[in-house]
Trainee: 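One structure, pasted below without further comment.
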Amino acid sequence: LKTDNITNDNTPDIAGMTEAGATVVITNATDAMLDTTTGDGLARHSGITILGTAIADENGAYSITLSELKDGIDVPLIVTATDTAGNTAMAFPTITIDSVIIDPTGEIEITAELTDATNSGLKTDSITNDNTPDIAGITEPNATVVITNEAGNELGTATAHATTGAYSITLTELEDGEVPLTVTSTDVAGNTATATPTITIDTGFTNILGNAIGITAELTDATNSRLDTDNITNINTPDIAGITEAGATVVITNGAGTVILGSGTADENGAYSITLTALGDGTNIPLTVTATDVAGNTATATPTITID
């Protein structure tokens, strides 16, 4: 902002107007000494660290580049103009030097990750079935945080909390796939810090070709005794097999969903086969077969089998 006195430049320029031809000296007021020789009690630059000096031009304008300053808030300066007759004029500006992004712990950074609330499935990955997920983290308090995609399009923005530096941004709707993000924090001095997380949006079940699928489930030929075209078997621990998304976890329960009868993981082709726990004889025994992928998406089949 041009309206404040905050800068990320450790050697800023101080400029102004005074009497043409006057000598202008800028000193650091933090070690100012009272000069009582004139009797006015005003601090003079004599004996104080000089940060820069110049001669005002014919219009009275001057500009002085200060020697390097450390970061600090409201650094006090004394600007003294002295004309050829020895008359003086003084100004006492303060400036803030802020050259880095610093979070409340003193670290120079910004963090950025999916929130637990929108990171479906495993909380330890960056895969979600929410296509408008929240990205959250910590940066410098009051910094402006902007999230963009790989093309530089803005996906969301927020201001970090004034005390904690925490922020949370709900992204605009994203398509399925791997999404590289750039998260940029900018403080009032113009310093920036950047994080570049990548998230994966996965809102449905797909096969190895990327086509939408659900889950199939039926008796295997090996345990479907006699006719392979029916769902009748004389084996009390039959195998249920089918196809779903590769890597999905498959759980088979009774029709009510109260008893787990077996579980497995689909292979790289999406195939699975699960041997059920012993079942009693019965006709049209209802099963619920549920596949859950890493993003937390689910697909369900409800076959029935007869044990005879």
Side-chain angles (χ1 to χ4, degrees), residues 113-133 173-180 198-308:
E113 60 185 1
L114 284 170
T115 62
D116 283 351
T118 60
N119 189 352
S120 59
L122 294 175
K123 305 304 181 184
T124 54
D125 61 20
S126 292
I127 302 171
T128 181
N129 61 12
D130 186 338
N131 59 2
T132 58
E173 188 171 345
L174 302 172
E175 295 182 356
D176 278 25
E178 194 173 82
V179 183
T198 296
I199 62 175
T200 297
I201 307 297
D202 178 5
T203 60
F205 268 72
T206 57
N207 60 20
I208 58 176
L209 299 177
N211 300 318
I213 59 170
I215 183 171
T216 62
E218 60 185 1
L219 285 170
T220 63
D221 287 350
T223 59
N224 189 351
S225 59
R226 200 174 179 185
L227 292 176
D228 293 338
T229 54
D230 60 21
N231 280 316
I232 302 172
T233 181
N234 60 9
I235 298 174
N236 291 92
T237 57
D239 297 336
I240 300 294
I243 298 292
T244 188
E245 184 176 306
T249 299
V250 182
V251 177
I252 302 177
T253 64
N254 61 1
T258 56
V259 179
I260 294 176
L261 303 176
S263 65
T265 300
D267 66 18
E268 65 275 11
N269 297 311
Y272 73 91
S273 182
I274 298 171
T275 300
L276 303 185
T277 56
L279 300 172
D281 283 16
T283 302
N284 293 328
I285 298 170
L287 303 175
T288 298
V289 184
T290 303
T292 305
D293 68 10
V294 292
N297 302 302
T298 60
T300 301
T302 54
T304 61
I305 60 174
T306 295
I307 307 293
D308 182 6

Trainee: With sequence neighbours left out, what residues match T302 under side-chain hydrogen bond (donor to acceptor under 3.5 Å, both in side chains)?
Mentor: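 T302 satisfies side-chain hydrogen bond (donor to acceptor under 3.5 Å, both in side chains) with no residue once adjacent residues are dropped.
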
Trainee: Please walk me through it: do F205 and T244 pass side chain to side chain contact (heavy atoms under 4.5 Å, CB included)?
Mentor: CA-CA 8 Å; F205 268 72; T244 188; 3.3 Å; yes

Trainee: Are the side chains of T237 and I235 in touch, meaning some heavy atoms are under 4.5 Å apart?
Mentor: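 In contact.
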
Trainee: Run the side chain to side chain contact (heavy atoms under 4.5 Å, CB included) test against D239 and tell me which residues pass, sequence neighbours left out.
Mentor: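 For D239 the side chain to side chain contact (heavy atoms under 4.5 Å, CB included) partners, ignoring immediate neighbours, are T220, T223, S273, T275.
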
Trainee: Within the side chain of T216, is there an N or O that forms a donor-acceptor pair under 3.5 Å with the backbone of I243?
Mentor: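 Confirmed, T216 side chain pairs with I243 backbone.
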
Trainee: Have a look at N129 and tell me which of D293, N297, D202, T200 forms a side-chain hydrogen bond (donor to acceptor under 3.5 Å, both in side chains) with it.
Mentor: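 For N129, the side-chain hydrogen bond (donor to acceptor under 3.5 Å, both in side chains) test succeeds with only one of D293, N297, D202, T200, which is N297.
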
Trainee: Test N236 against D281 for side chain to side chain contact (heavy atoms under 4.5 Å, CB included), laying out the working first.
Mentor: CA-CA 7 Å; N236 291 92; D281 283 16; 3.3 Å; yes

Trainee: Sub-3.5 Å donor-acceptor pair from the side chain of S225 to the main-chain atoms of N234, do we have one?
Mentor: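 Present.
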
Trainee: Please enumerate all residues that pass side chain to side chain contact (heavy atoms under 4.5 Å, CB included) together with T198, with sequence neighbours excluded.
Mentor: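 Applying side chain to side chain contact (heavy atoms under 4.5 Å, CB included) to T198 gives E178, P180.
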
Trainee: If you measure from CG on D176 to OG1 on T206, what distance do you get to the nearest 0.5 Å?
Mentor: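 With rounding to 0.5 Å, CG (D176) is 8.0 Å from OG1 (T206).
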
Trainee: Which residues pass the side-chain hydrogen bond (donor to acceptor under 3.5 Å, both in side chains) test with N131, sequence neighbours left out?
Mentor: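 Listed in chain order: E173.
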
Trainee: Working note: T132 + D130, criterion side-chain hydrogen bond (donor to acceptor under 3.5 Å, both in side chains); need CA distance, chi angles, decisive distance, verdict.
Mentor: CA-CA 6 Å; T132 58; D130 186 338; 3.3 Å; yes

Trainee: Return the set of residues passing side chain to side chain contact (heavy atoms under 4.5 Å, CB included) with S263 (not counting sequence neighbours), or none when no residue passes.
Mentor: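 For S263, the residues satisfying side chain to side chain contact (heavy atoms under 4.5 Å, CB included) (neighbours in sequence not counted) are V251.
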
Trainee: Using a 4.5 Å cut-off on heavy atoms from C-beta on, say whether the side chain of I240 contacts that of L276.
Mentor: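 When only atoms from C-beta onward are counted, I240 and L276 do touch, with a gap below 4.5 Å.
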
Trainee: Okay, side chain of T306, backbone of N284: is any donor-acceptor separation there less than 3.5 Å?
Mentor: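 Pair found, side chain donor or acceptor close to backbone of N284.
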
Trainee: With sequence neighbours left out, what residues match N224 under side chain to side chain contact (heavy atoms under 4.5 Å, CB included)?
Mentor: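 By the side chain to side chain contact (heavy atoms under 4.5 Å, CB included) rule, N224 matches L219, D228, D230.
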
Trainee: Do I305 and P238 come close enough that some side-chain heavy atom pair is under 4.5 Å?
Mentor: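 In short, these two side chains touch, coming nearer than 4.5 Å.
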
Trainee: Taking it one step at a time, do I201 and V179 satisfy side chain to side chain contact (heavy atoms under 4.5 Å, CB included)?
Mentor: CA-CA 7 Å; I201 307 297; V179 183; 4.1 Å; yes

